[in-house]
Amino acid sequence: MNFQLTQEQEMLVDSVRSFVEKELLPYETEVDRADEVSPQLAAQIRGKAIAAGFYAFNMPEEVGGGGLDYLSQALIERELSKVSWALHVFVARPSKILMACTGEQINDYLLPCIQGEKIDCFALTEPGAGSDANAIKTRAVREGDDFVLNGSKHFISHAGHADFAIVFAVTDTYEHNGRKRNAVTSFLVDRNTPGMTIRRGPKCVSNRGYHTFEMFFDDCRVPANKVLGEVGKGWDVANAWLTAGRVMVAANCVGQAQRALDVSLQWAADRKQFGQAIGNFQGVSFKLADMATQIRAAELLTLHTAWKMDQGTMTDGEAGMAKLFASEVLGRAADEAVQIFGGMGLMDESPVERIWRNARIERVWEGTSEIQRHIISRELLRPLLR
Ligand SMILES: Cc1cc2nc3c(=O)[nH]c(=O)nc-3n(C[C@H](O)[C@H](O)[C@H](O)COP(=O)(O)OP(=O)(O)OC[C@H]3O[C@@H](n4cnc5c(N)ncnc54)[C@H](O)[C@@H]3O)c2cc1C
């Protein structure tokens with residue numbers, strides 16, 4: 001096996017790392033405290049990301065994206081996540097599901113997202129349907145040339161900045177193994193469409209400045225040509241992208257955990273108690289050893305899974321393993337970092353307090369740890385159970 005990154009990948013990592021240090025990290029404290037990113041700062045980051053060639057790095061080259069393999073994408077995600085989502089979200093990764101755009105949708109949605117002219121958000125979760133996404137209740141009923149949407153969504157990230165939402169709604173039901181299932185369709189819904197309202201959701205402990213929103217659809221008319229993909233085939237377009245997204249979340253977790261380790265190492269070397277650096281005490285140094293070991297394992301698992309995605313051999317269970325393991329390693333590393341910092345680890349003057357808060361979301365979004373275990377165990381047992 002060859003574990004060596006290519007020269008291009010090494011250069012990519014170096015340039016994203018210096019972009020984060022120069023263009024994002026200096027704003028981290030002010031954004032976290034204000035719980036807001038100003039429109040000027042958002043535009044500045046977007047402009048610099050476009051100029052640096054990082055914008056839409058996840059999209060194929062033929063539509064103007066970065067055209068990178070998944071392993072390279074995971075390396076970029078690892079570096080970007082050393083700063084909060086509130087900032088690196090403006091180095092946009094448009095929803096890959098937009099590759100299902102056809103006809104006018106390509107010029108109206110796909111290309112503007114890649115060129116930095118439009119921002120999308122992904123609206124699936126509802127108050128009654130989180131892990132059980134198939135239980136969504138938002139309905140879309142065909143009336144002439146339109147679909148009429150009724151229902152609500154919550155926890156929709158970044159919807160306040162978005163020009164349009166990719167909205168999932170039930171358009172039909174069918175029987176599967178004796179159970180009633182929803183046929184789900186995805187729609188491109190423009191921000192100012194009458195009948196759709198958006199409002200800020202509750203304040204979140206993680207990633208301050210990166211907000212979630214509630215969306216309400218009240219007889220909201222969406223033209224039939226705004227169906228993304230085929231009617232009733234919403235999961236077909238969404239699932240492959242959601243699975244790939246889990247590997248990128250794993251890469252985000254590795255980056256955050258590495259930052260927790262880096263600042264902890266420095267603190268352990270600088271902070272003196274009992275007349276010496278606390279890193280000289282085994283109670284501290286063994287924590288650092290465990291953090292480093294677990295982070296290395298999470299990184300290898302994540303990069304190997306991304307590589308398998310490039311080979312076309314990754315399974316859903318393997319994506320789940322990477323997301324599960326890396327997010328749980330991050331949780332432990334962030335907690336140990338607070339312990340190593342002592343009281344200072346809980347103060348907003350140290351980055352560790354922020355890393356600890358931000359780490360918590362990673363075991364919840366993009367499929368909770370329990371749902372990942374469900375996916376992994378089902379894949380292991382499926383051949384054996386009848
Ligand atoms: C900050 C933030 C941003 C988000 N952004 C978006 C977004 O942009 N778009 C979007 O569509 N969604 C978004 N989400 C939603 C996110 O994907 C869901 O929160 C997540 O899928 C979990 O759903 P839930 O919160 O309803 O928890 P629930 O599904 O209610 O789960 C509660 C608990 O029950 C457990 N549980 C549920 N079912 C099972 C089971 N079968 N077996 C074992 N345990 C189970 C879960 O693991 C969890 O521990 C976001 C959420 C947050 C918090």
Side-chain angles (χ1 to χ4, degrees), residues 32 35 37 81 84-89 92-98 113 119-138 149 151-170 179 182 184-189 191 196 198-217 228 234-235 237-239 241-246 248-249 252-253 256 316-317 319-320 323-324 327-328 331 354 357-379 381:
D32 194 77
D35 190 18
V37 179
S81 66
S84 158
W85 260 102
L87 289 158
H88 74 70
V89 68
R93 285 81 101 193
S95 305
K96 200 77 172 280
I97 181 177
L98 288 171
C113 282
I119 293 174
D120 64 300
C121 67
F122 184 83
L124 172 60
T125 304
E126 299 183 0
S131 301
D132 186 8
N134 201 50
I136 58 170
K137 291 219 158 35
T138 298
L149 271 65
S152 66
K153 301 282 174 188
H154 80 163
F155 291 162
I156 308 308
S157 299
H158 216 49
H161 286 269
D163 298 283
F164 68 96
I166 303 165
V167 179
F168 288 77
V170 179
R179 285 175 59 202
N182 285 329
V184 168
T185 303
S186 53
F187 296 89
L188 300 160
V189 186
R191 185 180 179 77
M196 177 171 83
I198 299 178
R199 85 173 174 221
R200 261 292 281 279
K203 196 169 167 172
C204 181
V205 71
S206 299
N207 296 310
R208 291 201 180 131
Y210 181 67
H211 304 141
T212 66
F213 291 78
E214 298 166 340
M215 306 178 82
F216 302 91
F217 303 92
L228 181 62
W235 296 141
V237 266
N239 278 343
W241 174 69
L242 286 171
T243 303
R246 286 177 182 154
M248 297 305 143
V249 173
N252 291 152
C253 294
Q256 292 174 72
D316 289 358
K323 200 266 177 185
L324 171 66
S327 62
E328 299 208 337
R354 218 159 24 236
R357 275 191 287 109
N358 293 350
R360 195 62 190 86
I361 186 62
E362 306 289 359
R363 280 181 280 160
V364 173
W365 64 8
E366 305 266 347
T368 63
S369 288
E370 292 73 24
I371 294 302
Q372 304 309 329
R373 287 188 167 91
H374 182 65
I375 294 168
I376 298 162
S377 57
R378 199 179 45 189
E379 195 171 287
L381 285 166

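Every number for a ligand or one of its atoms is a count from 1 in the order of the listing.
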Atom pairs and distances, ligand 1 N/O vs protein N/O under 3.5 Å:
residue  : atom   : partner : partner atom : Å
ligand 1 : 5 (N)  : Phe155  : O            : 2.8
ligand 1 : 5 (N)  : Ser157  : OG           : 2.7
ligand 1 : 8 (O)  : Ser157  : N            : 3.0
ligand 1 : 8 (O)  : Ser157  : OG           : 3.3
ligand 1 : 9 (N)  : Phe122  : O            : 2.7
ligand 1 : 11 (O) : Leu124  : N            : 3.0
ligand 1 : 11 (O) : Thr125  : N            : 2.9
ligand 1 : 11 (O) : Thr125  : OG1          : 3.1
ligand 1 : 12 (N) : Thr125  : OG1          : 2.7
ligand 1 : 14 (N) : Phe155  : O            : 3.4
ligand 1 : 23 (O) : Ser131  : N            : 3.4
ligand 1 : 29 (O) : Ser131  : N            : 2.9
ligand 1 : 29 (O) : Ser131  : OG           : 2.6
ligand 1 : 47 (O) : Thr368  : OG1          : 2.6
ligand 1 : 47 (O) : Glu370  : OE1          : 2.6
ligand 1 : 49 (O) : Glu370  : OE1          : 3.4

Checklist entry - Should Thr138 and Met215 count as side-chain neighbours, where that means a heavy-atom distance under 4.5 Å? => result no

Next on the checklist: Going by the rule salt bridge (charged side-chain N to carboxylate O under 4.0 Å, His left out), which residues pair with Lys153 if we only count those two or more places apart in sequence or in a different chain?
Outcome noted: Glu126

Next on the checklist: Under a 3.5 Å cutoff, is there a donor and acceptor pairing between the side chains of Asn358 and Trp85?
Outcome noted: no

Checklist entry - Do the charged groups of Asp35 and Arg200 touch, with an N to O distance under 4.0 Å? => result yes

Checklist entry - Got a sec, which residues hit side chain to side chain contact (heavy atoms under 4.5 Å, CB included) with Arg373, two or more places apart in sequence or on another chain? => result Leu324, Glu328, Ser369

Item to check | Residues which pass salt bridge (charged side-chain N to carboxylate O under 4.0 Å, His left out) with Glu366, listed by chain and number, not counting sequence neighbours | outcome: none

